[in-house]
Amino acid sequence: MRTTLIIAAGGSGERFRKGLGNSPRSFPSKLFYPVSGQPLLVHTLRAFRKVKSIREIVLSVPRGVESAVKKILKNEVAVSCKIVPGGKTRAESVWKALEKSQPGNSWVMVHDGARPLVSQESIDELLASAKHTDAAILAQKVVPTIKEIGENNWVNRTIDRSRLAEAETPQLVRRNLLMKAYRENPHAMQATDEAALVESIGGRVKLVTHDGWNPKVTTVQDFDLLEAYLTRHQKSETRTGFGRDTHRLTAGRKFYLGGIRISSAKGPLGHSDGDALLHAVCDAILGVIGEGDIGDWFSDKNKKFKGIRSEVMLQKILKRAQEKKWVIKHLDTITVLESPKLGPHKKRIQKRIAKILGLPEDAVSIKAKTAEGLGPEGKGLAITCEAIATMERSTP
Ligand code: MG
């Protein structure tokens, strides 16, 4: 069955947008709202990834989001793809997509962009059922008791629910029949699903009922439910890593600490810029991800790293942590230094490190100590820094 998949996502998502209120994050359409780390549209597209009979996908999306949708498609879809701007009604959006579909595909499967949970079994069953008729649609038997509303909200009667089903998507229709319905039904653009169009010209529609969960995500609450459902088996793992570094202080070296420069007659000696605090942070992160120490990554025997900024080193290590799905949540540090006094610089260092790590400032702690004149730090010969990093990752 050569099939065109039409994703109907042309709506403005008004109800969803209202629910977001004054949220600081804005999305061009609800299709881009992230669920379990991926835009909603990605989840919906993935539901069809293994359906072999789909030869092309036509997406009807709100005007203005076409290029953003294109970016998503590049990584998610292997078949040919077209994007059309949505219409005023759902039926109009589907019509615009239908006009752009390949006539050689004799079947059209229409699916709501906001139904990401449709199962492979349901799609297979739909394909098997449609063969012998004009159209097949996914549906659920109605479970609640349904009342017919009379005047002034008086109940007219109770409807026999055993004869009722709620239409969902996908809906699979013979292409020429759907085209015909659009041409012959004067109210076609008001139809709320494809089955209604086929029915209106006397076509036969088969219901494929299921008892799974195939919700249409409409409100912000729906998204919260979906998020909870998709992440229900995820476990979060927390680890703590420790780092420590000492550098000798000598005259004439620039003094870098925590990514900022401090004016001082002496500075830390080193193969890199000598930023002992960032080095301790690097080692703390390496401790969490189990990838050795900073010397393994940036050997002081390697000329390539001569004079390297420690921020560059930290970025590289952070990238590796990110690849392993580790996210830093908190950093605590101590710097032991006799002079210069760090009090006036602590706030700037905190800001800088928070920015590098992508953390709120109050998740980065900068503490400074002197050594009371004792030992190499106390005598002004060295700086020593210690850091503890707390990181988390979610496992599926
Ligand atoms: Mg060092």
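Atoms within each ligand, like the ligands themselves, are counted from 1 in listed order.
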* Asked: Given atoms ND1 of H279 and OD2 of D245, what angle do they subtend at the Mg ion (ligand 1), to the nearest 10 degrees?
  -> 90°
* Can you run down the salt bridge (Lys or Arg N to Asp or Glu O under 4.0 Å) pairs that involve residues 325-346, sequence neighbours left out, and say none if there aren't any? => D332-K367
* Tell me whether D275 has at least one N, O or S atom under 2.8 Å from the Mg ion (ligand 1). => no
* Looking at the Mg ion (ligand 1), which N/O/S atom of H247 is the nearest one? -> NE2
* Check the angle between the aromatic planes of F305 and F298 and answer parallel, tilted or perpendicular using the 30° and 60° thresholds. => perpendicular
* Asked: Looking at the rings of H111 and F48, which for Trp means the six-membered one, are their centres under 6.0 Å apart?
  -> yes
* Specify whether W95 and Y182 have parallel, tilted or perpendicular ring planes, treating 30° as the upper limit for parallel and 60° as the lower limit for perpendicular. => tilted
